[in-house]
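Data first, discussion second: the structure below is written as structure tokens.
When a ligand or atom number is given, it counts from 1 through the structure's own listing order.
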Amino acid sequence: MNNLRQIVGRSTLPINEQILNLILFVSALTSFAYSIGTLIQETYNWVLTFRIVSTFGFTIMYYYARFKNAFKYLLIPTTIGVYLVLSLYWFIIGGLSGTSPILFLAASIFFVVIYPESKRFLVISFTILNVLLLIYLESAYPSLESLYTSPFDIRIDLISIFILSSFSLSWLFNLFSSKYNNERLKVVKQNQNLSEAYKARSQFIANMSHEIRTPMNGVIGMTNLLNDTSLDKEQQEYVGAIEASGERLLLIINEILDFSKLEAGHTKLKKAPFSLRTCIEEVLEINAPKSFGKGVELIYWIEPNTPEMLEGDADKLRQILINLVGNAVKFTHQGEIVVSVKTITQNQNTYDFLFSVKDTGIGIPKAQMPRMFDSFTQVDETNTRKYGGTGLGLAISKSLTELMGGHIWIESTVNVGTTFYFTIKAKTLSDSSDKNYTEQLPTLENKWALIVDDNATNRMILEHQLKKWAINTVVVDSPTKALDVLDQHSFDLGILDYQMPEMDGLELGYQIKEKKPNIPLVMLSSGGGLEFIKYGDIFTTFILKPVKQYHLFNGIYNALSSERSTTSTKKNSTKSEIPIANNTEAVAILIVEDDVINQQLILRILKKIGYLPELAKNGLEALKFVEAQYFDIILMDVQMPEMDGLEATRQIRKKSQLNQISYAPTIIAMTANAMPEDRQKCLDAGMDHYISKPINIKKLKQLLTS
Ligand code: ADP
């Protein structure tokens, strides 16, 4: 193969030059072989002369092509030479019925390859015309047949075709294999570079995040200390705002850090005993305020016979669940979110657990699903992002499930809901059941409970749970049915949901008590524990959703023992009103900002300077304000849900131009995007000034008074 490479020239030569070299070499060699053959036979002297001349001609051309880089001068002479030789051979080596047509075909293929694309048509036409002419001559002048060759020539002919084709094939093979090898080496090298770059990038992000985290921790720590000093109400609010913003920033940085650690392969799993139920309950508890605040049910379901005491990394499992449940809450506006778990396979005491987080939210379009686990990917990537987030949660969850020997996938229908499934492998510990609740079972056994809940999943779960404690149940989905059933059956206990469409749990409680004053009632509610104390004479127990198993058990146990208690109550946070100072400067300012903390911050700052601003939560609201009243200045956030600041500005400017509003306010952008191109975008949209976040009071003051 190396010899061949030497013949055709350096493999670095362009492919067409290599082919020309090959054609010339093979032509010289074949002509030489024919010359020898003719010499031995001593026939056809002019043929011999022609063969010797062509041998010399091809050899000289080969020399120039191979060693003098004369490709461009030799292309046309070689073509003419080869076609001339082949035309004469036509009559020497058997005409149309001999091997000439094959040689013409082979030559034309080679020439088509080496000629530039624009000349290929000419080469093909020339070949066809040449062959047609030869066929015509052959039939019109049969005397030319006298030139037909001897058997010896035919042998030489076959040998030369054999040489020609083996050379060509081995050359082609060599060419493609070296090309393939080069490509392969290139790809291997690229892969190497890429994975090194990938690692370096992850390492860089990890270092960066760490470097940012350290001072951030300092900020939050100092804020905590500051909180413990004597502060007036205003100062406390400032410190609270710093703390909340700092914690949010830390959360984002932590997500980036987690992700880069996972990518760089630095994440290790811990091995410690933990309770599966507690892990899920904790996750639900974290998400409960948001979920119930939107009126969305948050429920979990552990299939019967699922081992509950596991050995593994509870923090990592919690992290996956927090991501998935957090997303479900974020993208669901009505209905329910159900977290379920069951085992699917078992190998001794190691199980594959299948988790699902099912919501009735906005869903994910089919086309987007395959990309959903890529980092920094979100369905809605427009500037007016409604839901915020980094687009890292699912990428982190995917890496974590894989680290725990499982995988993750989605099923979703737009406007119907999404289910995220994931599996993990975990060892179970021998003490795996919820024994704590079995000792008191005799108290509960064979009692009858009436369950009233409009949510089917809740009913199913309560029914299963009570059956596990040997309590008989009658389950209904509405208060009317509950009151009917009460007339037909006697009950030891009633478990009522608070939020129901036709009549709430409180009203139902009163009506039940009117019919059966002695029946103890348990109320399940998603909030308001303390305020329910005043209904203590109706309800024995209040249980806060998401219902924890031991709360339910204790609640039922207490109710049946007729003890009155309030389980799991939560303090309602008291919202502080912001006192607004008198407007001393009579400048009308509108703040357009979606973030609550930032709203407070900017309101505070402006109040301090002496202004009395109005507040709009997004671009759409801002437009309504602008139409309704006059503003001198609008402080406009850029990234906001519903309508972003750039679009809002464009629309306000348009309104002024079309005289839909009678004034043109000064619009000042407030944005966290600090790049010059962001500034330009704001100015292009029609804003007058630009102030970057965090807002510097001095600068703002200067801007407002300038
Ligand atoms: P983030 O929520 O921080 O943007 P994630 O990686 O957790 O990042 O989610 C990426 C994107 O996947 C979300 O922005 C959203 O578009 C989509 N998504 C995730 N969970 C759901 C869900 N339950 N319903 C609808 N869309 C979802």
* To do: For E502, look at atom CD and say whether over 12 heavy atoms of other residues, nucleotides or ligands are found less than 6.0 Å away.
  => yes

* Is the count of non-hydrogen atoms from other residues, nucleotides or ligands lying under 6.0 Å from N305 atom CG greater than 12? -> no

Atoms of ligand 1, numbered as shown, that sit under 4.0 Å from any heavy atom of [X]:
| X | answer |
| --- | --- |
| I364 | 18 (N), 25 (C), 26 (N), 27 (C) |
| G363 | 25 (C) |
| F420 | 20 (N), 21 (C), 23 (N) |
| L394 | 5 (P), 6 (O), 7 (O), 9 (O), 10 (C), 12 (O), 19 (C) |
| M372 | 11 (C), 12 (O), 17 (C) |
| L392 | 6 (O), 8 (O) |

* With distance as the sole criterion, is a donor-acceptor pair present between the side chains of Q192 and E196 under 3.5 Å? -> no

* Asked: Any side-chain donor-acceptor pair under 3.5 Å between T345 and D352?
  -> yes

Please verify whether a non-hydrogen atom of [X] lies at under 4.0 Å from ligand 1.
| X | result |
| --- | --- |
| F373 | no |
| T418 | yes |
| K330 | yes |
| G361 | no |

* Would you find a donor on one side and an acceptor on the other, under 3.5 Å apart, between the side chain of D644 and the backbone of E647? -> yes

* **Side-chain (T401) to main-chain (S397) donor-acceptor, under 3.5 angstrom** => yes

* In plain terms, say whether R318 and D315 are close enough for a salt bridge, that is, a side-chain N and a carboxylate O under 4.0 Å apart. => yes

